[in-house]
There are 2 protein chains.
Amino acid sequence: MIMYRNLMYICFRKEIALHLLMIKNMKNSQLYKGSLNTIIMKLLEENGKMYGYEITQKVKAITSGELNITEGALYPALHKLEAEGILDVEIEKVDNRMRKYYKLTEKGTTETVNRLSELEDFIRNMQSLVNPSPKLEF
Amino acid sequence: MIMYRNLMYICFRKEIALHLLMIKNMKNSQLYKGSLNTIIMKLLEENGKMYGYEITQKVKAITSGELNITEGALYPALHKLEAEGILDVEIEKVDNRMRKYYKLTEKGTTETVNRLSELEDFIRNMQSLVNPSPKLEF
DNA sequence: TTAATATACCTAACATGATTATGTATAGGA
DNA sequence: TCCTATACATAATCATGTTAGGTATATTAA
């Protein structure tokens, strides 16, 4: 009986853990829409070259698991950035597995500056909107 | 001739001004996608009740004209929030013109706290991603 | 007086950017 | 042997927004 109760307890904890994880991932709210390209470009600016899977892991690590880039969003985004001449691709084979390394082109590097500037403006504006500075009322 | 040149000069300046304005508004980039509901709810939390047009003007003012909410986005968003029980509506007639005043319901007030918390998380995560703290390398 | 601008609402067609669900394939551990 | 991790990809669908129209009243400038 004790064993069953322990098992149930473990299962219950697992349920809770999964549930909390889901809630956490629910935070992948609509807010992140539109920021994926900027994230990719900034990471490439920092790290020189990265492959898709690496990007998802890096983002997960940096945000303590709060932001999980879905592959269905990532790969099309990478292809689009490549088509736009923002990224260059280079295929390598590591451990018999394919890797597509992406890096910023010259144009991409310039464009990254703009995107980051837009992001700063966006964040500044959002902070003005939700964190209004105390009104000067006399 | 002088007059023509002056006229041309003025027109030219106007062209530039318009162009700069367009560029400015181009900053209405994809980043803002997903943040409209949060903006609306926060403004209503602060101001008690507001009508649609008032919201567009307020946002424009707060962001120094950098963010212009389009009516095609605003009105459907208000209707959706009302349908979800986040907002209550109350119609008034001022100066022979209709105004639909929106205010947060009780549920809406609770929900606003969550949205703002999500926004803070989002901003924090984005800052971690693009503004990485200096690496501790020895 | 007439034209333009501002106020105030609305919606439909289209575009964009994501999620969800699926598929392929290799490597390693329980 | 099966599950998980690594590593790529795409198609169907959904959410959200832009663009472009529409109605109507009030005010201001030419």
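Chain letters run A, B, ... following the sequence lines, proteins first, then strands; residues in each count from 1. Note that the structure is predicted; figures quoted are calculated from it, not measured.
Checking side-chain atoms of B/Lys103 against main-chain N and O of B/Glu45 turns up no donor-acceptor pair under 3.5 Å.
Distance from the side chain of A/Tyr75 is smallest to D/dT10 among C/dT19, D/dT10, C/dT11. Of the candidates C/dA18, D/dC8, D/dT16, the closest approach to any side-chain atom of A/Tyr51 belongs to D/dC8.
In summary, the aromatic rings of B/Tyr32 and A/Phe122 are positioned with their centroids under 6.0 Å apart.
Between A/Glu118 and A/Arg115 there is no salt bridge, since no side-chain N of the basic residue sits under 4.0 Å from a carboxylate O of the acidic one. Ion pairing between a basic and an acidic side chain is recognised when a charged N comes within 4.0 Å of a carboxylate O; A/Glu66 and B/Arg124 show such pairing. Ion pairing between A/Lys49 and A/Glu92 holds under the 4.0 Å rule for side-chain N and carboxylate O.
A donor and an acceptor atom sit less than 3.5 Å apart, one in the side chain of B/Lys33 and one in the base of C/dT16.
When each of A/Ser35 and B/His79 is assigned the nucleotide of DNA chain C with its nearest heavy atom, B/His79 is the one assigned upstream, toward the 5' end.
Here the CZ atom belonging to B/Arg99 is positioned 7.0 Å from the CD atom belonging to B/Glu54, to the nearest 0.5 angstrom.
Dashed line: the shortest gap from a side-chain N or O of B/Gln30 to OP1 or OP2 of C/dT16 is not under 4.0 Å.
Atom CD1 in B/Ile39 sits roughly 13 Å away from atom P in D/dT16 (whole-Å rounding). Summarising the geometry, the separation between OH on A/Tyr32 and C1' on D/dT16 is reported as 18 Å, rounded to the nearest angstrom. Computed from coordinates, the A/Leu36 CG to C/dA18 P distance equals 5 Å when rounded to whole Å.
Listed by residue number, the members of residues 52-62 of chain B with any heavy atom below 4.0 angstrom from DNA chain D form an empty set. Within residues 86-105 of chain B, the residues that have a heavy atom under 4.0 Å from DNA chain C are, in order of number, B/Arg97, B/Met98, B/Arg99, B/Lys100.
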Open item on the list: Using salt bridge (charged side-chain N to carboxylate O under 4.0 Å, His left out), reason through A/Lys58 and A/Glu46 one step at a time and then give a plain yes or no.
Closed with: CA-CA 12 Å; A/Lys58 190 84 177 177; A/Glu46 264 174 61; over 6 Å; no
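Residues A/Tyr101 and A/Asp88 bring no donor and acceptor atom of their side chains to less than 3.5 Å of each other.
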